[in-house]
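For reference, the structure discussed in these notes is given below.
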Number of protein chains: 2
Amino acid sequence: MVSKRYPTSIEVARLAGVSQSAVSRTFTPGASVSARTRDKVLAAADSLGFRPSLIPKIMLTDRSGLVALVVGGLENAFYARVVQILAARLREAGNQVLLVPVDSDYTLDAVAARLAQYRVDAIVSALAVLSRDAAETLSASRIPVVSFNTPVTAARVGSVGSDNALGGWQAAALLHARGIRHPAFVAGPADSPASTERLTGFRDGLRAAGLPEPRVAGSAYTYDGGAEAATQLCTEGAVDGIFCANDLCALGTIDALRRAGRRIPDDVRVIGYDDTPAASWGGYDLTSFDQDVPALVEAALAMIDRMAAEDAGAGERELIPPRLTERGSTRS
Amino acid sequence: MVSKRYPTSIEVARLAGVSQSAVSRTFTPGASVSARTRDKVLAAADSLGFRPSLIPKIMLTDRSGLVALVVGGLENAFYARVVQILAARLREAGNQVLLVPVDSDYTLDAVAARLAQYRVDAIVSALAVLSRDAAETLSASRIPVVSFNTPVTAARVGSVGSDNALGGWQAAALLHARGIRHPAFVAGPADSPASTERLTGFRDGLRAAGLPEPRVAGSAYTYDGGAEAATQLCTEGAVDGIFCANDLCALGTIDALRRAGRRIPDDVRVIGYDDTPAASWGGYDLTSFDQDVPALVEAALAMIDRMAAEDAGAGERELIPPRLTERGSTRS
DNA sequence: TTGAAAGCGATACCAG
DNA sequence: CTGGTATCGCTTTCAA
């Protein structure tokens with residue numbers, strides 16, 4: 001037998017000797033209740049530990065106040081920061097955050113259905129990789145979706161992200177200014193649009209500067225992935241300037257370079273992306289691009305509001321310029 | 001005017017030419033529906049994009065399937081990992097995770113009320129600091145609460161954590177075995193029970209080994225806090241063995257020591273707590289204690305189940321022994 | 001196996 | 001200002 005868990009407004013009303021409507025009004029901000037009635041109600045409510053349920057209201061309005069936040073890899077400090085800031089902002093706006101960790105597109109289908117059942121008001125995807133199929137699964141749920149760093153757009157699916165191509169271009173310009181001759185790129189997963197865009201911008205920037213095509217290695221947004229890629233780049237040819245798809249890779253790259261006897265920045269200059277806390281730690285002192293998370297979050301929230309208002313507005317994409325912080329890893 | 005967002009079972013029933021009850025039964029696992037009826041219903045549901053709402057069920061059962069996860073400081077990789085693993089396990093169990101970021105005990109009061117309104121089934125607090133008052137606020141909401149690394153217990157409030165005193169003791173034993181003479185402790189916030197317990201265990205271990213009282217510095221679980229503490233310890237006296245309240249401090253400590261010209265482990269040995277990814281990075285190679293997050297999570301979930309079953313059972317506390325991983329920062 | 005009908009706990013409109 | 005009542009979308013008896 002399950003004991004009843006929460007007192008209802010009816011019980012409060014009975015105890016206070018008023019109608020249930022009076023109780024409801026007492027807990028409704030703008031409603032008209034006499035001070036006498038309110039006091040009786042509050043006293044009764046307090047002694048019973050009454051908290052008006054939000055559930056009936058959700059049923060009436062079809063708005064839950066819940067926003068789903070789909071994430072993979074919180075071990076990347078960048079995403080941890082996104083979650084933190086996004087959750088804080090949503091809470092300020094009176095929303096609650098449903099955190100949905102996901103390890104692959106595959107699990108996303110099941111998740112989308114579940115979220116629809118909870119009547120979430122919007123979905124924010126902070127996944128490094130989001131396929132078009134997965135995006136469409138989300139889109140089909142009739143819930144506004146905003147995706148971080150993924151160019152997919154569709155009906156009710158928008159996207160915000162760092163201007164990765166611009167970052168790549170600036171990385172090339174900086175390395176050129178520091179006089180490097182042999183550029184290389186340490187990539188993230190092949191299906192990560194962010195990594196691809198950064199490489200494209202990097203290529204364009206190098207070309208504009210009259211430098212050769214970068215050699216490319218790597219395939220994961222991880223420390224170990226960066227280390228392996230760097231080792232490979234070192235053994236297979238000349239390198240004196242490396243742009244890494246993110247900071248995590250860059251840290252692995254730096255450590256591997258040092259193990260191989262290269263000095264930074266004297267022999268090789270390294271640039272990362274995300275400007276995570278570790279970039280400024282003494283052992284690394286890594287030049288990196290800050291994606292400006294607060295701006296990304298604001299853009300995402302504004303986009304959600306717009307989609308919710310217009311109902312089924314077409315997808316948009318918004319890019320935020322990254323901000324370069326130069327540190328020891330690229331100094332002359 | 002807000003357009004209707006979701007189709008209802010009544011609309012599906014109308015389209016399929018059956019009763020609304022039939023629709024409900026079709027989506028209820030064990031119910032008895034003829035194949036013919038089910039097919040009609042499924043076809044209609046599909047064409048309308050129908051997803052049965054969970055909200056009415058919550059209203060009927062007073063169980064939302066929502067578990068709140070209260071966190072501060074996701075920038076600490078340890079907590080990011082806790083959130084990740086906990087969320088994954090809860091989802092396997094069919095629960096959804098409500099993520100509640102909080103920056104102080106003060107905001108917790110408001111949060112507790114809100115969570116009660118959503119009828120969350122349980123609250124997990126992964127806060128470094130949780131005061132007794134705050135715990136009682138949570139407890140008053142009649143919702144089972146499990147707290148990480150905080151010794152508070154009360155009715156419906158349990159606690160799981162690493163056996164910090166044991167870890168402290170082992171840290172002392174290890175440093176003693178490595179022949180240090182001048183121990184020190186880099187502390188977390190003064191009101192963090194985890195930090196205090198680690199120090200207590202460390203003190204006891206040192207005493208048992210015949211070593212002097214440790215000097216103590218520091219006051220935050222941060223990289224910068226660790227760096228400042230280390231600088232202070234270096235300038236104010238002799239040090240050759242430092243136990244840090246967590247990894248983040250330890251990394252700052254190591255970098256500050258190096259800036260001060262000390263070699264690690266030759267001049268000073270350093271031990272951290274949490275065994276975060278950065279501990280094994282090349283630049284640090286930090287000896288650290290793994291809190292065994294999966295075990296902590298299992299213990300927390302089991303405790304929640306027990307509390308939910310017994311209804312208002314007394315609070316318990318469960319300790320998981322930490323696992324030491326020795327790396328270069330303490331080798332001979 | 002089926003359909004009709006009674007709730008679940010709030011909000012909001014209604015007349016008094 | 002107050003109390004009565006319809007309502008939201010389901011699940012669950014209860015009869016047929």
Side-chain angles (χ1 to χ4, degrees), chain A residues 2-42 44-45 48-66 113-114 116-121 142, chain B residues 2-42 44-45 48-65 113-114 116-120 142:
Chain A
V2 179
S3 63
K4 210 157 67 47
R5 309 177 69 206
Y6 298 96
T8 73
S9 59
I10 296 184
E11 299 171 79
V12 174
R14 189 158 39 215
L15 182 58
V18 299
S19 74
Q20 183 273 336
S21 309
V23 176
S24 177
R25 278 191 288 261
T26 301
F27 287 92
T28 304
S32 65
V33 215
S34 68
R36 227 179 95 63
T37 303
R38 184 177 43 241
D39 289 348
K40 282 192 294 185
V41 169
L42 287 179
L48 258 35
F50 170 74
R51 298 270 175 223
S53 172
L54 242 32
I55 309 300
K57 170 141 64 177
I58 298 175
M59 205 155 80
L60 262 347
T61 60
D62 248 5
R63 314 206 81 251
S64 62
L66 259 27
R114 197 89 194 147
Q117 294 196 291
Y118 271 98
R119 300 305 192 235
V120 301
D121 296 338
R142 303 195 186 190
Chain B
V2 179
S3 63
K4 211 157 67 50
R5 310 175 69 203
Y6 299 97
T8 72
S9 59
I10 295 185
E11 299 170 79
V12 174
R14 189 158 39 216
L15 181 60
V18 298
S19 74
Q20 182 270 335
S21 311
V23 177
S24 176
R25 279 191 284 261
T26 301
F27 287 92
T28 304
S32 63
V33 216
S34 68
R36 227 178 94 62
T37 303
R38 183 177 43 242
D39 290 346
K40 283 192 293 185
V41 169
L42 287 178
L48 258 36
F50 170 75
R51 298 267 176 226
S53 171
L54 240 32
I55 308 301
K57 171 141 65 181
I58 297 176
M59 205 156 77
L60 263 347
T61 61
D62 250 8
R63 314 206 81 250
S64 61
R114 196 91 194 148
Q117 294 196 292
Y118 271 97
R119 301 304 191 236
V120 301
R142 302 195 187 191

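Throughout, a chain's letter reflects where its sequence line sits, starting with A, and its residues are numbered from 1. Quick caveat: nothing in here was measured; it's all calculated off a predicted structure.
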Distance test, side-chain N/O of [X] to OP1/OP2 of [N], below 4.0 Å:
X	N	value
B:Ser34	C:dT2	yes
A:Ser24	C:dA10	no
A:Thr61	C:dT11	no

Starting the side chain at C-beta, find the nucleotide from [options] nearest to [X].
X	options	value
A:Ala22	D:dG3, D:dT13, D:dG9	D:dG3
B:Leu60	C:dT2, C:dA10, C:dG7	C:dG7
B:Pro56	C:dG3, C:dT2, D:dC10	D:dC10
B:Gln20	C:dT2, D:dT2, D:dT11	D:dT11

Rounded to the nearest Å, what distance is computed from the [atom1] atom of residue [X] to the [atom2] atom of nucleotide [N]?
X	N	atom1	atom2	answer
A:Lys57	D:dC10	NZ	P	20 Å
B:Arg25	C:dT1	CZ	C1'	7 Å
A:Lys40	D:dT2	NZ	P	8 Å
B:Glu11	D:dC8	CD	C1'	13 Å
B:Asp62	C:dG7	CG	C1'	14 Å
B:Arg51	D:dC10	CZ	C1'	16 Å
B:Arg14	C:dA4	CZ	C1'	16 Å
B:Gln117	C:dA10	CD	P	10 Å

Heavy-atom nearest nucleotide on DNA chain C taken for B:Val33 and for A:Ile55; more 5' hit belongs to B:Val33

Are the aromatic rings of B:Phe27 and B:Phe50 close, with centres under 6.0 Å apart?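 Ring centres of B:Phe50 and B:Phe27 closer than 6.0 Å.
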
Between A:Met59 and B:Met59, is there a side-chain heavy-atom distance shorter than 4.5 Å?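 SC-SC contact between B:Met59 and A:Met59 confirmed.
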
So A:Leu66 and A:Asp121, side chain to side chain contact (heavy atoms under 4.5 Å, CB included) or not? Walk me through it. CA-CA 6 Å; A:Leu66 259 27; A:Asp121 296 338; 5.7 Å; no

Describe the nucleic acid contact of [X] in one word from base, sugar-phosphate, nothing, applying a heavy-atom distance below 4.0 Å.
X	result
A:Ser9	sugar-phosphate
A:Ser21	base
B:Ser53	sugar-phosphate
B:Arg119	sugar-phosphate
A:Ser32	base
B:Phe27	nothing

Please name the pair of heavy atoms, one in B:Arg142 and one in A:Pro7, separated by the smallest distance, quoted to 0.1 Å.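 Closest approach of B:Arg142 to A:Pro7: NH1-CD, 4.2 Å.
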
Exercise: identify the closest heavy-atom pair between B:Tyr6 and A:Arg119: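 Shortest heavy-atom contact: CE1-CD, 3.3 Å.
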
Are side-chain N/O atoms of B:Ser34 and B:Thr37 paired as donor and acceptor at under 3.5 Å? yes

